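Below: one structure, written as structure tokens.
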Amino acid sequence: MINKELQKKLDTLTAGKKSSWEKEAKYRQANRKWLRYSRKIAIKINRHLKDNGMQKQELATLLNVSPQQVSKIVKGRENLTLQTISNIEKALGISLLGLDSNREKKTKVILKKTEITYTQPTQENDFYQKKSAKVVAILPINNQSLTEVYN
């Protein structure tokens, strides 16, 4: 009896309202790849706006688009064209895709294994330790070239 009453109340509350969660879930699955990129771009834009005390309205003015369009962009739900990405990069003075040829090249230094030598102890539990290392190579992170440096 109680179940029938609850079912009637539930039917009354949901009458005429069909959930679209399944449709939305299928959309997210079908578009997962570009949605991830869009979210990453949105995070960079939001970070830049926050760091520079800039409002979304100002970005909309710079891009010559509506504030609603900027809202979609900064939420990561907009499939951005390369032209739009380029316009945003120009307006904000940042790189969103990391394709710029003028990027700083990061390097890592590979050191030869540290050699340790011990001298003869002069007293009990007394010893001296000498450590040395030499640079074997300096490699760019993208591994495009190799420069060997020996001491």
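Throughout, numbering of the chain's residues begins at 1 and tracks the sequence. In this text, all values refer to a predicted model and were calculated from it rather than measured experimentally. These numbers come from the heavy atoms of this one structure, side chains and all, not from hydrogens, waters or symmetry mates.
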All pairs passing salt bridge (charged side-chain N to carboxylate O under 4.0 Å, His left out) where residues 23-40 contributes a residue, at least two apart: E22-K26
Exam field: side chain H48 to backbone L92, donor-acceptor pair closer than 3.5 Å: yes
Common cluster, L82/I88, ILVMFWY with side-chain heavy-atom separation under 4.5 Å: yes
K56 atom NZ, neighbour heavy-atom count above 12 within 6.0 Å: no
Any K75 side-chain heavy atom under 4.5 Å of S71 side chain: yes
Backbone N/O of L63 and side chain of N87: donor-acceptor pair under 3.5 Å: no
Whether over 12 other heavy atoms sit under 6.0 Å from L10 CG: yes
Spatial distance of atom CH2 (W34) from atom CD1 (I41) [nearest 0.5 Å]: 10.5 Å
Contact check, side chains of S38 and R77, non-hydrogen atoms, under 4.5 Å: no
Any side-chain heavy-atom pair of L96 and L80 under 4.5 Å: no
Heavy-atom check, side chain of I45 versus side chain of V70, under 4.5 Å: no
Stepwise side-chain contact (heavy atoms from CB on, under 4.5 Å) check, V65 with I73: CA-CA 11 Å; V65 297; I73 292 169; 5.5 Å; no
Rounded distance (nearest 0.5 Å) linking atom NZ of K50 with atom CZ of R47: 9.5 Å
N64, CG: over 12 other non-hydrogen atoms inside 6.0 angstrom: no
Co-membership, hydrophobic cluster, residues I94 and Y37, 4.5 Å side-chain: no
Donor on one side chain, acceptor on other, Q7 and D11, under 3.5 Å: yes
Side chain to side chain contact (heavy atoms under 4.5 Å, CB included) involving L62 - partner list, sequence neighbours excluded: M54, A91
Side chain to side chain, Q55 and L49, heavy atoms closer than 4.5 Å: no
